[in-house]
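Structure record follows, encoded as structure tokens.
Since the structure is predicted, the reported quantities are computational estimates derived from the model, not experimental observations. Hydrogens, waters and symmetry mates are skipped; everything else that's a heavy atom, side chains included, is used. Start at 1 with the first residue, then count along the sequence.
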Amino acid sequence: MFRPKVPTMPQPTGLVAPPAVVEPTAVIQHTPQAPAPAPVVSPAPVPARPTVQLTPGAVIALVGSGTAVVLVVGAVLVSMLLAVAITAASVAVCALVVRSLLASEGKRR
């Protein structure tokens, strides 16, 4: 159950695709023809998808959602910084208490 099963590859049965056959082709000489007429200038192509047009309501919604994202990310970062600061302060207090206990134990002897 816990041993991995290694798949076995079957032996190749032969050629999968027939080899490509190269056949010689004849070279045909072309005679020059009359020059092509001047190209017609066409108008600029229309883009395949329409451009996005923002309405005032959409702009307000974008600004509001962007502000909300910034506030949420800021709150998360500040809370993480506060958690690190509280942890550091508690470790410092514990270190002072342990140091004091060790110092007072040395004076008793």
Side-chain angles (χ1 to χ4, degrees):
M1 178 172 152
F2 294 109
R3 293 182 148 207
K5 303 244 189 293
V6 179
T8 58
M9 183 175 169
Q11 294 297 323
T13 57
L15 296 174
V16 178
V21 177
V22 178
E23 296 180 7
T25 57
V27 177
I28 300 173
Q29 298 280 339
H30 291 288
T31 58
Q33 297 180 356
V40 178
V41 177
S42 61
V46 179
R49 46 184 191 170
T51 57
V52 176
Q53 295 179 354
L54 295 177
T55 61
V59 170
I60 292 173
L62 283 175
V63 169
S65 61
T67 303
V69 167
V70 167
L71 288 176
V72 168
V73 169
V76 168
L77 291 178
V78 167
S79 64
M80 289 172 61
L81 179 64
L82 186 60
V84 169
I86 290 172
T87 303
S90 66
V91 167
V93 168
C94 289
L96 288 175
V97 168
V98 169
R99 182 179 173 191
S100 173
L101 288 173
L102 290 176
S104 66
E105 174 113 7
K107 289 182 181 178
R108 287 186 188 170
R109 289 185 182 183

For Leu54 and Ala58, work out which heavy atoms get closest and say how close. CD2-CB, 4.3 Å

Is there a path from Val78 to Val69 through hydrophobic residues (I, L, V, M, F, W, Y) whose side chains come within less than 4.5 Å of each other? no

If you group Ile, Leu, Val, Met, Phe, Trp and Tyr by side-chain heavy-atom gaps below 4.5 Å, do Leu62 and Val59 land in one group? yes

Hey, could you give me the OG1/CG distance between Thr67 and Leu71, rounded to the nearest 0.5 Å? 6.5 Å

Polar side-chain atom of Ser100 near backbone of Leu96 as donor-acceptor pair, under 3.5 Å: no

Val98 side chain reached by Leu102 side chain, heavy atoms, under 4.5 Å: yes

